[in-house]
Every structure is written in structure tokens, then in C-alpha cells.
Amino acid sequence: MILEMKVPSPGESITEVEIAEWLVQDGDYVEKDQAIAEVDSDKATLELPAEESGTITLKAEEGDAVAVGEVVCLIDTSAKKPEGSGETETRPEPKKEEPKKEAPKSTVDKKETYASGTPSPAAKKILDEKSIAASSISGTGRDGRITKDDAVKAVPSMGTPTGGSRGESRSKLSMLRRKVAERLVSAKNETAMLTTFNEVDMSPIFELRKQYKETFKGKHGVSLGFMSFFTKAVVRALELYPAVNSMIDGKEMLTYDFCDISIAVSGPKGLMVPVIRNAENLTFRGVESEVKRLAIRAREGEITVDEMTGGTFTITNGGVFGSMLSTPIINPPQSAILGMHNIIERPIVKNGQIVAAPMMYVALSYDHRIIDGKESVGFLVAVKEALENPQELLMDNNVEKALEL
């Protein structure tokens, strides 16, 4: 029986996928549920398992875009699994060719010979004009003679290619990366995007992490990172400024009473944005556990479409790559995104004294169509206040209870 394997629907609104890689070859015997291909949708990379055991015939090439429901391979379920006999086919050894006898060389060479390193007339002219010693050049001509090309390459250049590598390569963009590109361009073109900046003194968080991170990790099995503090600070600010937790839907403004926080993660196939659902209900331990789980799944290519669908606000951390300052692009249809950056000790004024403190620049890009300057600046100031006073504003003055220690 010949089974037609069709592309399953990876999720709502996805109409086609791209064959990223075949994990088997045409004519191979495959087992039921064996991964036979990796397919890219515009949201994630998924594995395609064999529906039955049998011999496979591929009907699509790597890089092909195929519609959901289209046949990509055939499986002959009546084929028997080949037995590994371990015997190898014996082949007759190829006949050794008799070495060809070379014709005797003429004892008289009609061409003039030159000593190694002697420049040709054209090369000599170039070298003399540029005051370059012939002894500093290795000739590539007959008998080591310096050719005109050798002389040209030896002349110092201000932009003219002089024999260095000038290769290039071309590779097809994955469907995921093409979709991300489309969404980012759409966000730039279709929103009134504006960015406001502030800076945060991370000293209080540094002190809390230094004091409690070992105990926290020992009890909960996850590190006490910066993301839980930022997520909790964002949730608090969203509750204070609900316009930032809103979206435009046609001629209406849709405001949410929950906080689904998207976390931008760099995966092997490109940027992925898994979602922490109902972050307002999570503790520090809950946020850190969910961030770790989603990040691992994204980097290993196991993230699902459902785990990246939705989200009411996004946090992106360019600081892990060393970024000092940036203007993050809104993740549509959301209306705002918070950018974290690297932490650098800088001189600041505290109580009239100049001191060194671990400082981070933060940026909020927002859609000015529904978020005014008052809300955007107020939101970012609220994030700053919470991060600089986490014990009072995020932990209700009870650190051990907040960290579940």
C-alpha cells in the first residue's frame, strides 16, 4: 500500500511551510514516528514524523515551499525492513593503467630562458616607476620570472584589488527569517513608532542577587537572574499604565487585564518570541522557571506555534550581546516593547557624591497612535523606580517570602 504523506497544519493562519531539511534519503526504509524532515513555518521549525513504516519516496526538495495539505512524500507500507547481513558487495578491482611513456624531450629549447627573479620588460618598467626591488618579489612566470601581473600586485594599493580573497556566498533565507523581516518592516511602516529612554541604577538588584542567588538556586533549581526583576517591574508598570498593554484593532483600542509577556530569544533559525502567560500571577521563581523552559525549547528548535502566539508586551535583552543602547522595534500587533542593555559601571551622583554604580540604559519603543508621551514616559519611570527599589515595590518589604526561601 502506498501512503501519501501530506503537510499537516502547524497552526492557525499558517498556509504553507518550507522543507528546511530532509533527515532521510529517497529510497530509505523509515520507521513509524521517525523524524523524516524539518519544516519551517513563519513562526517555528517543526519536525515531520513518518506516519507509517516503509520505504520512502521524496516528492519535494529542500528549500521548496509547500502548501498545507500538499503531498511531500510517499511511503510504501508493504515494503519489508531490509536485514543487515553485514556482507559487502565484492567488486572487481580496477585494472591498473600502464604508465604512459613520455616522448623524449628535445635537447634544444627554442624559448629563451631567464634566471629566477628576473623581471620581464613590462614588469621592470612598473617596478622602476614605483621604486620596488625585484628581489622582494616572487615571480610566477616561467623559470620564476617576474611577470607584469606580479609587478602590478606588488604595487601598494588604495582600494584596488591586489590578489586578496574576494569570494562571496549566497544562501536562501528561511521562511521564519523572511516572515520576521516582513513583520519588522510592517511594524516600521504601519505604526507611529517612537522611543523614549532612561537609565537604571542596578545596585539594589546586584546586592539582592549577591545575597540570595545561591540559596535561591539551591532551593528552586534555577538562577535568580535579571529577567524576573524586569518582568515583575513591567507587570507593575502595565497595571499603572494600561494603555501600554493595549492594541489597535481596526477603529478600536483593545486593552487587556492580563499580562502575557513575550521574551525575545535568539534561536538557531532566527529571532523567536515565546510568551510567558499571565505573568502577573507568577512569583520570581515562576518567572525564572518559565524563562528557562522557553529559552531552552526555542534554542533546541522545540518551541511550538502556540507558545509564541499572543503576547501583550515584549521584553528584549540586547545586553547579553554587549549592546549599550538601541531602539527596539515593536512586535506587532503589540503596541510597545522594552529594550534591556548591558550593565556598565559609570560615575553617577548619589547624595551629592560622585560614585561608581552598575548602570543600564533602558528603552521603550511604543506606538504613538494609542500611547501618548505621558503614558510612555510614566511607564518607563515606573519600571526604573521598581528596579531601583525592588525590595519595597516588587517584594512588599519581605525578600525571603517573595523569593520563597
Could you tell me whether the side chain of [Y] reaches within less than 4.5 Å of the side chain of [X], counting heavy atoms only?
{"X": "Glu70", "Y": "Lys6", "answer": "no"}
{"X": "His341", "Y": "Ser323", "answer": "yes"}
{"X": "Met227", "Y": "Met340", "answer": "yes"}
{"X": "Lys125", "Y": "Asp128", "answer": "no"}
{"X": "Met5", "Y": "Ile56", "answer": "no"}
{"X": "Val72", "Y": "Leu48", "answer": "yes"}
{"X": "Ser376", "Y": "Leu194", "answer": "no"}
{"X": "Ile276", "Y": "Leu282", "answer": "yes"}

Distance only, no hydrogens: is a donor on one side chain within 3.5 Å (strictly under) of an acceptor on the other, for [X] and [Y]?
{"X": "Thr147", "Y": "Asp150", "value": "yes"}
{"X": "Glu52", "Y": "Thr77", "value": "no"}
{"X": "Asn245", "Y": "Thr312", "value": "yes"}
{"X": "Asp201", "Y": "Ser203", "value": "yes"}

Salt bridge Arg293-Glu290, side-chain N to carboxylate O under 4.0 Å: yes

Quick test of your reading of the model: are Arg369 and Asp367 salt-bridged, counting only N-O distances below 4.0 Å? yes

Backbone of [Y] reached by a side-chain donor or acceptor of [X] within 3.5 Å:
{"X": "Glu4", "Y": "Val71", "result": "no"}
{"X": "Arg209", "Y": "Leu224", "result": "yes"}
{"X": "Glu280", "Y": "Cys259", "result": "yes"}
{"X": "Ser365", "Y": "Pro328", "result": "yes"}
{"X": "Ser246", "Y": "Ala243", "result": "yes"}
{"X": "Glu288", "Y": "Gly225", "result": "yes"}

So salt bridge (Lys or Arg N to Asp or Glu O under 4.0 Å) across residues 383-405, not counting sequence neighbours, yields Arg285-Glu404, Lys384-Glu388

Enumerate the residue pairs fulfilling salt bridge (Lys or Arg N to Asp or Glu O under 4.0 Å) with a member in residues 244-263, sequence neighbours excluded, ordered by first and then second residue. Asp260-Arg277

Relative to the ring of Phe379, is the ring of Phe313 parallel (under 30°), tilted (30 to 60°) or perpendicular (over 60°)? tilted

Rounded distance (nearest 0.5 Å) linking atom OG1 of Thr57 with atom CG of Asp76: 7.5 Å

